[in-house]
Structures are given as C-alpha cells and as structure tokens.
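Each remark here refers to the structure printed beneath this line.
So you know, we letter chains A, B, ... as the sequences are listed, proteins then strands, and number each from 1.
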Protein chains: 2
Amino acid sequence: MWPYMSLGNHALRCREPERAPIHPLGEQDRMPRAITHQGKASYHPTPFPPPPASPPPSTGSLERATAILTYLSAAAGPVGLAELSRRTGLPKTTAHRLLGVLCATGLAQRIDSDYTIGQKLINLAGPGPRMVPGTRRMVLPHLIRLYEATRQTVNLAVPRGMEIAYVERVYGHGRVSTPSDEVDRAPLHCTAGGKVLLAFNHELHAAFRDRGDLPRMTRRTLIGHAALDRELHVVRRRGVAYAKEEFAEGIVCAAAPVFGPDGRVVMAISVAGASPRAVSAEVADLVRRTAHAISSALDRPFPVLAVQATGRTRAEGPPMSFL
Amino acid sequence: MWPYMSLGNHALRCREPERAPIHPLGEQDRMPRAITHQGKASYHPTPFPPPPASPPPSTGSLERATAILTYLSAAAGPVGLAELSRRTGLPKTTAHRLLGVLCATGLAQRIDSDYTIGQKLINLAGPGPRMVPGTRRMVLPHLIRLYEATRQTVNLAVPRGMEIAYVERVYGHGRVSTPSDEVDRAPLHCTAGGKVLLAFNHELHAAFRDRGDLPRMTRRTLIGHAALDRELHVVRRRGVAYAKEEFAEGIVCAAAPVFGPDGRVVMAISVAGASPRAVSAEVADLVRRTAHAISSALDRPFPVLAVQATGRTRAEGPPMSFL
DNA sequence: CCTCCGCATTCCGCTCTCCGGAACGGCTTC
DNA sequence: GAAGCCGTTCCGGAGAGCGGAATGCGGAGG
C-alpha cells in the first residue's frame with residue numbers, strides 16, 4: 001500500500017550495526033514507566049524489568065524524534081539526557097541535538113537539565129483540559145456547581161488565535177444536543193465567550209478589528225464592527241455577554257470573564273441553553289458569580305506550584321501568560 | 001510567579017542562529033482556520049484574508065513536520081496534499097514524503113486522500129478526554145450523575161500499556177485532596193479501576209502476569225500474583241472491584257467495568273473517597289449501575305460515527321478497538 | 001584533598017537521509 | 001477533447017543530520 005513501507009525497510013538498513021538497540025516505536029507506547037526522579041507524587045514508577053532486546057533504531061530523524069517524545073510522554077517526570085540516550089538507544093549527541101530542535105519547536109521543554117513534553121505538543125493535540133489556565137482542579141468544581149445550579153451546558157473557553165477554544169464542557173443528561181456542540185473552536189464575535197474575551201482583552205480586540213468583516217453564522221449574527229463595539233461596550237459595563245442565536249440557531253449563551261492574578265482576562269465561562277429561558281438574568285448572575293469565584297481562586301497562591309516545578313502533574317494547564 | 005515563565009525563556013535559547021529563518025512557530029498557532037471541506041459541523045471557517053507573505057520555510061525536517069502538524073491541527077477537517085503544500089510553502093513532494101513518515105509514526109492519519117492529525121499525537125500529549133472510548137458526550141452525563149449521587153471523585157480509566165490512564169475525572173468542592181489525585185496514570189494491580197481491567201481483560205491480565213512481582217505502594221498493596229488472582233476472581237463474580245488504601249494511603253475506591261459493543265471491557269469507572277464510608281456497598285452499586293448504563297449506551301448505534309468518518313469532531317475519542 | 005565517574009555540552013568532518021524536479025495517470029470542468 | 005489540478009512515484013544530488021572526541025562541572029567515595 002504505502003510506497004514508503006518498502007522504503008522504510010531500505011531506511012532501516014543500519015548504518016552502524018554495532019549500535020545499541022532501541023525499542024520499536026510501537027513498543028514505546030507500551031514501555032513501562034521510566035525510572036526517573038519523582039516529585040511529591042505518591043506514585044513511583046513500576047520497577048518492572050526492561051523489555052527484551054529490540055531491533056536496531058530507525059535512522060530517520062522524524063522517527064527518532066517521535067521515539068524521544070514517546071519516552072518523554074511515558075515518563076513520570078522530567079528526564080535527563082543520559083537516561084533518554086540509554087533508553088532510546090540514540091547516541092547522546094544525537095539525542096541532545098534532537099532535543100535542541102524539539103525544544104526550539106516547543107514540542108519538548110526543558111526543566112533544569114531535564115526534558116519533558118512541551119506545550120506545543122499539547123496544543124497540537126487540540127483544545128482540552130490541559131489548556132485550562134491555572135489548574136483544572138481549581139476550576140472544575142466551580143463548573144460542576146454551575147452546571148448543578150443551571151442544568152445547562154457549562155463551557156470554558158480560552159482565546160485561540162482569532163477564535164475561542166473550548167477547553168472544558170460540562171453537561172448532564174438533560175442537555176439538548178445541537179450541531180454547535182460538536183465544535184471545539186468557535187468565532188469570537190458571535191459567541192458569548194468570545195465577546196467577553198474581546199470586551200476585556202484590548203489587544204485581542206484590536207487585532208480582531210484588523211481582520212475585516214465579520215462572517216455571518218446566522219441571520220442574527222452581528223456582522224459590523226460598529227455594532228459589535230456597541231455590544232462590547234455593554235458587556236464591559238454589565239460584566240456579562242450574551243449571544244442569542246448569533247452563532248447557531250437555537251442556542252443562547254451567557255458568559256462572564258475570568259481574570260488571572262495579573263488582572264487580565266484569561267478565559268470565559270459560559271452557560272449555553274436551547275431557549276432564552278435557559279439564560280435568564282438569574283442564570284447570568286450565576287455565571288458572573290462563578291467567574292468571579294474562579295478569578296478569586298486563581299488570585300490566591302496555591303501549593304501545587306511546588307509540585308509543578310519538581311514533577312510533571314498532568315492536571316495542570318499552561319501558565320497564565322501563555323495565552 | 002509561574003515557574004514556567006522563567007524556564008521557558010531558558011528553553012528558547014536558539015541553537016543555530018545562522019539557519020534560514022522559519023515561521024515563528026508561535027505564529028503557526030495563531031493562523032486562521034484553514035478553508036477546508038466541512039463535515040456536518042455548523043461552524044464554517046472564518047473567511048478572513050490569508051496572513052501576509054511568510055518567510056521561506058525552515059529546511060529542518062522536524063520543523064517542517066511540525067509546520068505540517070500545526071496546520072493539520074488548526075484545520076477544521078482533513079486537508080489534502082495540494083492545500084497543505086500551498087499553505088506551508090513546502091514543495092508538494094516534500095510535503096507528501098513528510099506526511100508519509102508522519103502517517104507511519106501515527107502522528108498524522110489519512111482519510112481518503114486527505115490528512116488529519118493522528119491518534120499517536122493525541123496520545124503523546126497525555127491522557128485526556130480525547131482518549132475516552134466512544135464519545136465524551138455519551139459518557140460525561142453518566143459521570144456527572146454519579147458524582148451528584150455520591151459527591152465523591154469519579155474517575156474514568158482506560159488501559160495504557162501495563163497501567164491505567166485516567167481520561168476523565170469529575171469532582172466538586174467537597175473533594176478531599178490527596179497526592180494520588182495529581183497523577184494521570186496508576187498501576188493496574190492496586191487500583192480499583194486497574195483490577196477491573198485485569199479481571200475482565202484476559203489478554204491484559206496474561207501480559208501483566210509475565211511482568212514479575214508487583215510493586216508495593218502501601219502496606220496494604222497486594223504484592224503476590226496469587227493474592228491478586230484470588231481478588232480478581234472475586235471481582236469477576238461481584239462485578240465490582242475495591243482498592244482499600246492499596247495505591248495511596250487514605251484512598252478507597254470502587255470500580256466497575258464498561259464494556260464496548262463487542263463485549264470487551266474498554267474502560268473502568270470508579271469512585272474514590274477518603275474513607276470506607278465513601279465507598280459503601282450502596283456506592284458500589286451506583287458505580288456498577290452507572291457502568292452498566294454506559295455499556296448500554298455504547299452498545300447502541302450512534303450517529304456521530306458518520307461525522308467521525310467525514311470530519312474531525314474533536315469531542316470524539318478513539319475507536320473502541322483502539323485499546 | 002584527590003580521583004573517578006557520570007553528567008551535559010560543544011565542535012566539526014563526514015555521509016546518508018532527505019530533498020524536490022520531472023514525469024505520470026486519474027479526475028473534473030469547460 | 002483539452003486544460004488544469006490532484007495525488008503519486010522515481011532517482012540523482014546535496015545539505016541537513018550524524019556522532020565521536022573533547023571539555024568542564026558536580027558529586028561520591030576513599
């Protein structure tokens with residue numbers, strides 16, 4: 001099927017057969033946890049015996065980089081160069097060089113002399129909880145509580161280029177399913193969360209204005225910058241934004257801004273429902289109060305920072321200033 | 001404030017300044033959505049004007065591959081070779097060749113003549129909702145309901161090599177925080193979810209037995225295969241597994257299996273609490289019933305599969321057979 | 001205090017992995 | 001039928017990638 005499968009065999013002709021073997025890439029996914037330094041996490045790596053001897057390493061730099069990333073991803077914490085070299089079977093200099101490129105591209109990241117996967121890699125995989133500013137642990141209970149109070153879909157959105165990305169979504173059995181639920185990204189100008197981010201992030205708003213006309217999603221979409229600006233002015237005053245069938249027919253949203261410790265808006269929390277009743281003033285107030293509660297929580301120093309610096313706990317999202 | 005901020009600057013030290021300039025990869029993250037074929041999603045790409053002319057592409061294959069993946073990640077659906085070539089500035093043959101390697105490593109995936117990101121890339125980013133078998137939309141309401149019924153942390157775990165990975169975790173304000181909450185992976189033998197997977201997945205169990213002694217996590221950990229086998233026998237009969245301070249001090253869990261449409265166990269749902277009271281027989285029954293409800297839901301044909309085949313909707317997890 | 005070992009880092013000559021133009025066949029549109 | 005665009009394959013060439021050697025640092029042990 002694939003022409004490169006035959007070429008792959010060609011590429012596997014070993015340049016230096018006396019080289020130390022590495023694991024086949026598929027096996028990397030299944031390798032036991034690396035024996036690495038642990039932070040405060042209570043779980044230690046499983047000291048199972050190493051896998052049996054493996055075939056010679058691929059000579060392609062993409063495959064090699066993937067092997068490195070696979071190991072980093074499977075490790076319980078940051079990994080040093082020497083261990084990485086031994087485990088992947090790559091010469092130390094080669095591993096060092098590849099890691100240099102991986103770090104430059106953001107796919108890997110240095111922590112002291114060690115390496116771990118980088119935020120770029122997480123971003124490539126698409127929006128998700130790892131992109132929640134602050135920590136999911138801090139944010140999720142608020143989202144759940146808001147869901148319980150409203151029984152509507154609760155969304156958490158962050159700016160993503162000239163759009164928003166939904167990094168958390170909480171809903172229950174009573175949820176009304178609509179096509180817009182399938183998306184993990186949406187325009188700024190016709191979603192409540194997007195309006196919030198535009199209203200309170202002036203750089204984003206300025207950049208967005210330079211982008212020309214606003215695409216119409218429904219007949220209710222605000223497609224003029226002047227109209228949008230008026231709306232954003234109201235949003236700033238009110239502290240809540242609405243989107244009433246501007247993005248998708250049948251969907252009404254209310255959103256409020258969450259501010260980071262530096263006072264800048266970092267995300268928008270919103271409630272989406274299938275009728276105007278679902279986003280009453282009462283609901284909007286709940287949204288605003290939830291946003292405020294999260295903002296307050298983000299404003300406080302929290303002890304997981306120490307864990308973050310010494311070990312990789314996957315529940316944590318990107319630094320606030322990343323966005 | 002954030003340790004990442006200072007370390008990030010350190011990691012940005014450039015290795016070869018004389019190299020041909022590449023797209024700043026940060027800018028790739030911010031490129032507008034590609035104008036591509038849409039599936040059933042109601043959101044169409046934002047028809048903003050293309051970004052200004054870019055500098056020539058980097059000549060490093062890692063950087064080039066990253067540029068390709070970045071574009072694929074930002075696209076609303078699968079992308080063809082010609083568009084990818086035009087958009088990244090790479091010669092068509094080069095792009096084709098790189099995509100061949102990317103697909104071989106699983107970082108990208110073909111859909112007909114088009115390409116999209118691959119599951120391997122998602123896996124590299126670490127456990128998360130995209131690894132939920134079936135769809136998150138199908139599973140999450142059940143998790144939320146179980147949380148509401150128990151007010152304890154609800155976990156959803158899938159097998160991951162010789163471990164489990166937590167792909168969903170739902171908790172509220174009343175949650176008691178413990179060190180084990182920080183992990184996204186855990187051993188099979190001393191977690192309730194892991195026992196469930198071992199009990200009902202015979203291949204996994206057989207492979208696990210070949211791995212030698214079981215590492216002790218606490219003084220209550222079962223560290224003999226014979227003792228574990230007896231426990232698993234009880235789990236099969238009972239349909240529920242417990243872990244009582246076997247993984248982490250102070251944590252008690254009850255878990256039940258979720259079966260896919262082919263009758264094989266695909267994940268384990270569990271409730272974790274800080275006392276035996278938190279996982280009473282009543283709670284265990286709730287867990288079992290929730291697992292059964294999810295199994296039933298997964299057993300039904302669901303229309304999102306059609307979307308999966310024609311467009312990339314990020315809410316969907318891997319195919320059931322992937323695990 | 002000294003020695004040894006293991007670590008990460010840098011340098012640079014060499015080579016082979018990667019590059020990409022050319023060619024080709026298929027499909028769609030006019 | 002012709003033109004254009006698509007994805008795919010081939011293969012000679014060169015530059016991106018390779019990795020041994022050298023270096024300096026820190027920690028452990030005698």
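Every residue was checked against the side-chain hydrogen bond (donor to acceptor under 3.5 Å, both in side chains) condition with A:Thr94, not counting sequence neighbours, and none meets it.
With rounding to the nearest 0.5 angstrom, the OH atom of A:Tyr166 is 15.0 Å from the CZ atom of A:Arg160. Going from atom OG1 of A:Thr105 over to atom NZ of A:Lys120 covers 8.0 Å, rounded to the nearest 0.5 Å.
Distance from the side chain of B:Leu81 is smallest to D:dT8 among C:dG20, D:dT8, D:dG20. Taking the side chain of A:Arg97 as heavy atoms from C-beta on, and the options D:dT8, C:dC7, D:dG17, the nearest nucleotide is D:dG17. The side chain of A:Arg86 approaches C:dC7 more closely than any other nucleotide in the set D:dG7, C:dC7, C:dA8. When the nucleotides D:dC18, C:dA8, C:dT17 are ranked by their closest atom to the side chain of A:Thr59, C:dT17 comes out on top.
For A:Arg64, no side-chain nitrogen or oxygen approaches OP1 or OP2 of C:dT17 to under 4.0 Å. Taking 4.0 angstrom as the limit, B:Thr94 places a side-chain polar atom (N or O) nearer than this to OP1 or OP2 of C:dG20.
Within the 3.5 Å criterion, the main-chain N or O of B:Leu90 finds a donor-acceptor partner in the side chain of B:Ser85.
Take the nearest nucleotide of DNA chain C for A:Thr93 and for A:Leu62: the residue whose nucleotide is more 5' is A:Thr93. A residue-by-residue look at B:Ser61 and A:Tyr115 shows that A:Tyr115 has its nearest nucleotide of DNA chain C further toward the 5' end.
Separating the CG atom of A:Leu99 from the P atom of D:dG19 is a distance of 14 Å, rounded to the nearest angstrom. Whole-Å rounding puts the A:Ile68 CD1 to D:dG17 P distance at 13 Å. In this structure, A:Leu84 atom CG and C:dG6 atom C1' are separated by 16 Å, rounded to whole Å. Here C:dA8 presents its C1' atom at 11 Å from CG of A:Asp114, a figure rounded to the nearest Å. Atom NE2 of B:His96 is separated from atom P of C:dC24 by 18 Å (rounded to the nearest Å). The separation between B:Glu83 atom CD and D:dC5 atom P is 15 Å, rounded to whole Å. Regarding B:Asp112, its CG atom lies at a distance of 16 Å from the C1' atom of C:dG26, rounded to whole Å. Atom CD1 of A:Ile111 is separated from atom C1' of C:dA8 by 17 Å (rounded to the nearest Å).
Each end of the helix from C:dC1-D:dG30 to C:dC30-D:dG1 gets its own rotation axis from five pairs of C1' atoms, and the angle between them is 40° to the nearest 10 degrees.
For A:Lys92 against D:dG19, a side-chain-to-base donor-acceptor contact under 3.5 Å is absent.
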